[in-house]
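For ligands, and for the atoms within them, numbers begin at 1 and follow the listed sequence. Position 1 is the first residue of the sequence; numbering continues from there. We use all heavy atoms of the structure for the numbers below, so side chains are in, but hydrogens, waters and symmetry mates are not.
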Amino acid sequence: TDEKVTISKGLEGIFIADTTLCKIDGTNGKLWYRGYPIEVLADKSNYEEVAFLLLYGHLPNRHEMDVFDARLKDEREVSSEIKEIIKMYSGKAHPNDVLRTCVSALSTYDDDMSDRSKEANLERAVKLIAKLPTIIAMIGRTMRGKGFVEPDRSLSHSSNFLYMLTGKRPDKESAKLIDLMFILHAEHGSNASTFSTLVTGSTLADTYSAVVAGIATLRGPLHGGADEAALNMMKAIGEPDNTEKYIEDALAGKQRIMGFGHRVYKAYDPRAKVVYKYLQSFMKTTTDPQIEKLLEIAIRAEKLMEEKLSKTKGIWPNIDFFSGPLYTAMDIPSDLFTPIFAASRMAGWTAHLFEYWENNRLFRPLDNYVGKLDVEYVPIDKRQ
Ligand code: SDX
């Protein structure tokens with residue numbers, strides 16, 4: 001039958017499930033995790049609490065927090081084989097690809113892959129949330145010819161990451177900034193990488209296979225890779241006075257400015273506002289000329305984009321635009337930005353996966369065939 005088919009490119013506007021994990025108000029630029037405004041969690045909470053909130057549905061009481069925190073700390077170490085993979089591939093492939101490979105390998109340590117109980121899956125989520133920062137820090141160290149720094153139980157989740165990466169225990173300010181970035185990247189509804197995780201999980205594949213799909217999807221510059229791309233653009237601009245010309249030329253050439261635009265936000269991404277606020281307060285206490293230059297370039301680019309695209313086409317800064325300067329302020333190299341995004345979003349991916357499995361249905365959309373039918377088969381010797 002040739003009934004009228006309407007294709008929703010990129011599944012724009014299509015609802016796939018009910019959720020209580022996250023609400024995004026794209027019109028007004030607002031975001032809640034389990035009903036808590038992102039600004040409140042950014043200022044008052046920490047990543048361990050937010051991960052618990054996403055996985056268990058409520059903020060932990062003191063006892064629940066102590067138990068969850070201890071479980072995460074118990075699971076920070078990685079095996080010698082994983083360390084071998086890191087040594088083998090770091091520097092030869094993008095850190096995100098090394099990370100994806102290590103996460104695939106993690107599944108081989110699972111004591112019982114056939115156990116699909118909620119408890120077993122929550123245990124897998126704890127292992128994944130705990131181990132990714134260790135793997136990423138070890139990749140970063142190996143790429144720069146440095147030895148591994150083993151996890152330190154006295155440090156929080158995100159501070160321990162920074163410690164394993166830099167070898168230095170972060171000061172109070174850096175500890176807050178890195179934890180802020182982990183909180184802001186933890187969850188965001190049915191974005192592309194979460195959707196990949198759900199599509200894979202909807203076949204009843206295991207938790208590891210589902211999050212490996214998520215990590216692979218996050219890799220692209222239109223999604224998780226935008227923060228690295230946005231910083232590279234700022235570095236290419238080089239001097240603040242080059243900003244306007246660079247952006248105008250890019251827009252004239254129909255180029256996309258990384259860190260701007262969003263399928264759902266048609267207003268300023270509230271997470272970008274939070275990053276910007278903390279970046280500004282950071283700048284009041286440190287005089288790092290490189291960061292000052294990056295920030296000035298970012299602010300001038302944002303002003304110009306606001307005139308050119310925000311008010312006219314609803315293209316506003318997203319979380320990836322100011323992240324680069326902030327990570328740079330913590331001496332985090334840009335090729336680790338997407339892996340950090342994956343480490344943080346592991347909470348959102350697993351929380352969505354377990355929520356979806358409560359009322360699972362295989363994802364199987366349609367595509368509209370527009371080719372020929374019943375074509376005659378010609379033997380190869382008779383073909384042109
Ligand atoms: C994340 O989904 C999520 O929630 C993701 C995320 C999360 O937390 O999981 O929020 C994280 O991925 C943030 C987004 C990071 N990506 C980027 O910054 C890459 C640059 N952004 C664009 O590629 C784009 O805005 C997307 C991919 C984010 C959204 O794309 P859409 O909704 O498919 O929009 P589109 O590609 O159809 O563009 C609509 C128009 C086009 O112009 P026309 O062809 O109609 O003339 O807007 C233009 C686009 O060219 N446009 C841009 C632009 N983004 C869209 N023009 C210049 N610069 C941009 N950044």
Could you tell me whether N359 atom CG has more than 12 heavy atoms of other residues or ligands within 6.0 Å of it?
no

Looking only at protein heavy atoms, identify the closest one to atom 21 (N) of ligand 1 and say how far it is in Å.
F260 O, 2.8 Å

Under 4.0 Å to a heavy atom of G259 - the qualifying atoms of ligand 1, by number
17 (C), 18 (O)

Give a yes or no on whether K266 atom NZ has more than 12 heavy-atom contacts from other residues, nucleotides or ligands under 6.0 Å away.
yes

So does E358 pair up with K118, basic N to acidic O under 4.0 Å?
yes

Does some non-hydrogen atom of Q255 fall short of 4.0 Å from ligand 1?
yes

Below 3.5 angstrom, do we get any N/O pair linking L222 and ligand 1?
yes

Counting only heavy atoms from other residues, nucleotides and ligands, does the tally under 6.0 Å from NZ of K83 exceed 12?
yes

Below 4.0 angstrom from a heavy atom of A226, which ligand 1 atoms are there? Numbered from 1 as shown, please.
15 (C), 16 (N), 17 (C), 18 (O)

If you measure from each heavy atom of P221 to ligand 1, is any distance below 4.0 Å?
yes

Quick one: nearest non-hydrogen protein atom to atom 6 (C) of ligand 1, plus distance?
H262 NE2, 3.8 Å

For atom 9 (O) of ligand 1, state whether the nearest protein heavy atom is under 4.0 Å away.
yes

Evaluate D269 for polar contact with ligand 1, using N/O atom pairs at a separation under 3.5 Å.
no

What I'd like to find out is whether the side chain of D179 reaches to under 4.5 Å of the side chain of I183, using heavy atoms alone.
yes

Closest non-hydrogen protein atom to atom 47 (O) of ligand 1, residue and atom name please, with distance?
I315 CD1, 3.4 Å

At what distance is the nearest protein heavy atom to atom 43 (P) of ligand 1, and which residue and atom is it?
K313 NZ, 3.6 Å

Nearest neighbour in protein (non-hydrogen) for atom 28 (C) of ligand 1:
G261 O, 3.7 Å

Any donor-acceptor pair under 3.5 Å linking the side-chain atoms of E173 with those of T285?
yes

Salt bridge or not between D152 and R76? Use side-chain N to carboxylate O under 4.0 Å.
no

Using heavy atoms and a 4.0 Å limit, tell me yes or no: is E12 in contact with ligand 1?
no

Do we see a donor-acceptor contact under 3.5 Å between the side chains of T20 and R34?
yes

For atom 58 (N) of ligand 1, what is the closest protein heavy atom, and at what distance to 0.1 Å?
I257 N, 2.9 Å

Would you say the side chains of S174 and D171 form a donor-acceptor pair under 3.5 Å?
yes

Does L309 come within less than 4.0 Å of ligand 1, judged by its heavy atoms?
yes

Is it the case that R124 places NZ or CZ above or below the six-membered ring of Y109, under 6.0 angstrom from the centre and within 45 degrees of the axis?
no

Any protein heavy atom at under 4.0 Å, with atom 39 (C) of ligand 1 as the reference point?
no

Starting from atom 11 (C) of ligand 1, find the nearest protein heavy-atom neighbour and note its residue, name and distance.
H223 ND1, 3.8 Å

Could you check which of K254, E187, R263, H188 puts a non-hydrogen atom nearest to atom 31 (P) of ligand 1?
R263

At a non-hydrogen distance cut-off of under 4.0 Å, which region of R271 contacts ligand 1 (side chain, backbone, both, or neither)?
side chain

Starting from atom 49 (C) of ligand 1, locate the nearest protein heavy atom and write down its residue, its atom name and how far away it is, to 0.1 Å.
R256 NH2, 3.6 Å

Say whether E306 and Y268, considering side chains only, have a donor N or O and an acceptor N or O under 3.5 Å apart.
no

